[in-house]
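Written out below as structure tokens is the structure these notes cover.
All residue numbers refer to positions in the sequence shown, counting from 1. Remember, it's 1-based here, ligands and their atoms both numbered in the order they're listed.
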Amino acid sequence: MIPSVMPTYARFDVVFERGEGPWLYAADGRRFLDFAAGIAVCALGHCHPHLVAALKAQAEKLWHCSNLYRIAGQERVSARLAAKTFADTMFFGNSGAEANECAIKIARRYQFDNGRPERYRIVVMSTAFHGRTLATVAAGDQAKGKHGFGPETEGFDRVAFGDLDAAKEAVGPETAAILLEPVQGEGGMRAADFAYLRALRALADENDILLMFDEVQCGMGRTGKLFAHEWSGVTPDVMSIAKGLGGGFPVGACLATERAAKAMTPGSHGSTFGGNPLAMAAADAVLDVIEDPAFLPRVNQVAEILRAALAERVVRFPHLFEEVRGLGLMAGLKCRVTNTDLVNRLFEEGLLSVSAGDNTLRFVPPLIIEKEHVEAAMAILDRVCETWKDTQ
Ligand SMILES: *Cc1c(COP(=O)(O)O)cnc(C)c1O
């Protein structure tokens with residue numbers, strides 16, 4: 001008999017009851033060190049006091065209000081994000097997929113508005129992940145998300161991630177935009193070359209197409225900059241964000257320049273729940289914490305500690321690991337044994353991690369972790385690695 005929860009996930013047999021910082025407590029008494037963070041969502045850990053207070057205060061005033069009316073929280077959060085980024089304007093939704101849907105629509109509408117409706121295609125990357133709506137599944141390169149869901153949404157041309165010549169070749173008279181993750185998460189924790197991102201910027205400019213970054217996972221301080229593209233010095237025309245934005249409250253946003261979004265006029269797009277007062281209170285509180293001038297330097301410090309520790313394990317356990325991947329606290333270990341076996345063993349020992357594509361083990365801990373948490377995680381990783389032969 002099918003379970004009442006549609007079985008679209010192969011779930012771990014655990015129910016978490018309570019969280020505190022980087023720790024999760026299960027109903028059966030087990031405690032876990034959370035280096036998964038709801039897949040890079042709980043950027044400030046669990047039950048951060050500032051977020052709890054902000055959400056409680058908002059919950060007692062107003063939960064929801066339609067986008068038919070002005071929403072003070074949206075005006076505040078958008079002004080704060082605009083001040084810190086390339087963006088002039090942004091649309092609030094509830095998820096990463098919706099943020100990318102908005103990006104895709106902006107690209108088509110931009111070209112349409114400029115008198116070139118034939119330009120609707122988007123150049124996308126191998127091993128990309130952009131969400132699970134029909135359009136974002138088509139934009140992504142995950143076979144399991146497409147199987148049996150055809151016909152596939154039209155309008156995406158895939159090239160190899162990192163291959164500039166392939167991107168140049170793919171840009172044609174029908175191209176509207178290029179969409180990619182500056183650091184691929186799901187696809188295997190691969191950071192794009194900064195020179196490659198700069199060259200894509202030039203390619204977009206030469207052809208009057210939009211450069212769109214999906215920073216749903218790598219944004220909001222995850223890599224040690226507020227947004228991952230800042231490392232490259234390149235700015236996009238459009239950027240989708242979500243995961244860390246609400247610190248665990250569902251919220252996403254699509255940021256854009258005025259030039260890119262000028263055709264997004266009243267009635268062109270919308271969302272019932274998007275950017276409601278609760279979501280905006282959460283995002284505003286996350287920004288309070290991340291914008292503290294001491295916050296990102298600390299993320300970089302602890303990221304360096306984690307990455308050095310992981311590099312050490314690659315040397316010590318060469319039969320298990322090939323290399324360290326990713327950027328900042330978006331860290332991956334490319335595995336020589338099955339990544340999901342490692343995730344399962346780490347889970348049994350009390351450390352949460354996530355598998356990613358290309359047989360990669362992913363660590364995306366809360367950004368508030370400290371050296372002692374890295375050490376605790378490495379102690380568990382060592383225990384699993386040292387006994388690996390026995391367990392297989
Ligand atoms: C998680 C993710 C998405 C999808 O976000 P949802 O909130 O699950 O829709 C899109 N792009 C990237 C890069 C992601 O990591």
At a 4.0 Å threshold, what atoms of ligand 1 neighbour a non-hydrogen atom of [X]?
{"X": "Gln217", "result": "15 (O)"}
{"X": "Ser95", "result": "7 (O), 9 (O)"}
{"X": "Lys243", "result": "1 (C), 2 (C), 3 (C), 14 (C), 15 (O)"}
{"X": "Arg132", "result": "8 (O)"}
{"X": "Asn100", "result": "10 (C), 11 (N)"}
{"X": "Asp214", "result": "10 (C), 11 (N), 12 (C), 13 (C)"}

Can you confirm, on distance only, whether ligand 1 has an N/O atom lying under 3.5 Å from any N/O atom belonging to Glu181? no

Is there any N or O on Gly131 that sits under 3.5 Å from an N or O of ligand 1? no

To check your reading of the model: name the closest protein heavy atom to atom 5 (O) of ligand 1, its residue, and the distance in Å. Gly96 CA, 3.3 Å

If we only consider heavy atoms of Glu215, is any one of them less than 4.0 Å away from an atom in ligand 1? no

Indicate the ring-plane relationship of [X] and [Y], choosing parallel, tilted or perpendicular according to the 30° and 60° boundaries.
{"X": "His48", "Y": "His50", "answer": "perpendicular"}
{"X": "Phe91", "Y": "His269", "answer": "tilted"}
{"X": "His64", "Y": "Phe273", "answer": "perpendicular"}

Check [X] against ligand 1 and report side chain, backbone, both or neither, counting heavy atoms closer than 4.0 Å.
{"X": "Gln184", "answer": "neither"}
{"X": "Thr136", "answer": "neither"}
{"X": "His130", "answer": "backbone"}
{"X": "Glu186", "answer": "neither"}
{"X": "Ala97", "answer": "both"}

Side-chain contact test, heavy atoms from C-beta onward, threshold under 4.5 Å: evaluate it for Leu351 versus Phe35 and give yes or no. yes

Can you find a heavy atom in the side chain of Thr175 that is under 4.5 Å from one in the side chain of Ile122? no

Test: Arg108 cationic atom under 6.0 Å from Tyr120 six-membered ring centre, within 45° of axis: no

Tell me which one of Arg362, Arg222, Glu186 satisfies side chain to side chain donor-acceptor pair (under 3.5 Å) with Gln217. Arg362

Centroid-centroid under 6.0 Å between Phe12 and Phe347 rings: yes

Take Asn100 and Ser240 through the test side-chain hydrogen bond (donor to acceptor under 3.5 Å, both in side chains) and record every step on the way to the result. CA-CA 6 Å; Asn100 282 322; Ser240 49; 2.6 Å; yes

Pick one: which of Lys262, Lys105, Arg259 meets salt bridge (charged side-chain N to carboxylate O under 4.0 Å, His left out) with Asp113? Lys262

